[in-house]
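On a predicted model such as this, the values are computed, not experimentally measured, just so you know.
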Amino acid sequence: MNKKTIITALLALIAIGLVSCNSDNNYEDKVEQVTVYVSAETGLFYNVSNTTPEEGMRILIEGEDHYICVAFNTIANFTYEKGNEYELLVKKTTLVNPPKDSGSTRYELIRIVSQRKIE
């Protein structure tokens with residue numbers, strides 16, 4: 001190999017190293033505000049630690065195309081009442097390094113935008 005080829009290869013390796021080290025967001029939790037729609041109907045979900053289905057609330061996260069069923073305490077500071085549908089503004093935190101025994105996403109109520117009793 002000639003000197004020019006070696007220098008070019010070293011510069012390419014240094015550039016790749018700098019680019020890969022530049023992504024400092026990889027080590028921070030992602031926090032955003034999202035709208036969550038809560039159905040008046042409940043559903044069933046399977047808890048990780050249990051093989052028996054449990055009753056939970058059905059939620060639709062803005063931008064998604066289907067409801068999912070989650071535990072009633074999934075959204076911190078929110079108390080679900082059966083028969084009511086809600087529009088909520090929540091803080092969604094996606095954890096970079098979640099605990100092994102729980103999920104990687106946390107939700108916390110910012111405010112109830114609307115609540116409607118369904119007969």
Side-chain angles (χ1 to χ4, degrees):
M1 286 188 147
N2 65 28
K3 189 175 181 180
K4 186 176 181 180
T5 305
I6 293 172
I7 291 173
T8 302
L10 285 174
L11 288 174
L13 287 173
I14 291 170
I16 291 170
L18 290 174
V19 169
S20 65
C21 291
N22 195 18
S23 58
D24 57 353
N25 289 338
N26 291 339
Y27 299 107
E28 293 181 13
D29 295 340
K30 180 182 177 185
V31 179
E32 58 187 318
Q33 287 186 11
V34 296
T35 299
V36 174
Y37 302 95
V38 182
S39 173
E41 299 175 9
T42 60
L44 296 176
F45 73 100
Y46 288 90
N47 191 333
V48 176
S49 63
N50 193 348
T51 58
T52 305
E54 297 181 33
E55 184 179 24
M57 60 184 175
R58 297 178 63 235
I59 65 170
L60 175 67
I61 300 167
E62 186 175 44
E64 299 291 324
D65 60 356
H66 64 279
Y67 279 84
I68 59 172
C69 188
V70 297
F72 291 119
N73 63 353
T74 296
I75 302 172
N77 303 321
F78 173 68
T79 302
Y80 176 79
E81 294 178 24
K82 287 183 184 180
N84 288 286
E85 65 181 19
Y86 301 87
E87 179 180 346
L88 309 175
L89 183 61
V90 302
K91 178 173 86 171
K92 176 184 175 185
T93 304
T94 304
L95 304 173
V96 172
N97 191 15
K100 291 183 182 187
D101 60 346
S102 68
S104 62
T105 306
R106 302 278 188 264
Y107 298 95
E108 182 179 351
L109 179 67
I110 296 172
R111 69 182 170 93
I112 297 174
V113 177
S114 67
Q115 176 179 357
R116 186 171 68 124
K117 180 80 172 166
I118 303 298
E119 300 298 326

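Phe45 and Ile75 sit in two unconnected hydrophobic clusters of ILVMFWY residues. Membership requires side-chain heavy atoms under 4.5 Å apart, directly or through other members. In terms of hydrophobic clustering, with Ile, Leu, Val, Met, Phe, Trp and Tyr side chains grouped at heavy-atom distances under 4.5 Å, Tyr46 and Ile68 are assigned to different clusters. In terms of hydrophobic clustering, with Ile, Leu, Val, Met, Phe, Trp and Tyr side chains grouped at heavy-atom distances under 4.5 Å, Val36 and Val113 are assigned to different clusters.
The ring-ring contact (aromatic ring centres under 6.0 Å, His included) check on Phe78 picks up Tyr86, with sequence neighbours excluded. Take Ala76 and apply the side-chain contact (heavy atoms from CB on, under 4.5 Å) test, not counting sequence neighbours, and it matches Glu108.
Sorted by first then second residue, the ring pair (Phe, Tyr, Trp, His ring centres under 6.0 Å) pairs that include residues 96-119, not counting sequence neighbours, number zero. Pairs of residues two or more places apart, or lying in two chains, that qualify as salt bridge (charged side-chain N to carboxylate O under 4.0 Å, His left out) and include a residue from residues 74-84 are Glu55-Lys82.
Taking OG1 of Thr52 as the reference point, atom CG of Leu44 lies at 11.0 Å (rounded to 0.5 Å). To the nearest 0.5 Å, the span separating OG1 on Thr105 from NZ on Lys30 amounts to 10.0 Å.
Residues Thr42 and Phe72 have side chains in contact (heavy-atom distance under 4.5 Å, counting atoms from C-beta outward).
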Contacts table for residues 58-67: side-chain donor-acceptor under 3.5 angstrom, sequence neighbours left out:
none

Listing, residues 87-96 side-chain donor-acceptor contacts under 3.5 Å, not counting sequence neighbours, or none:
none

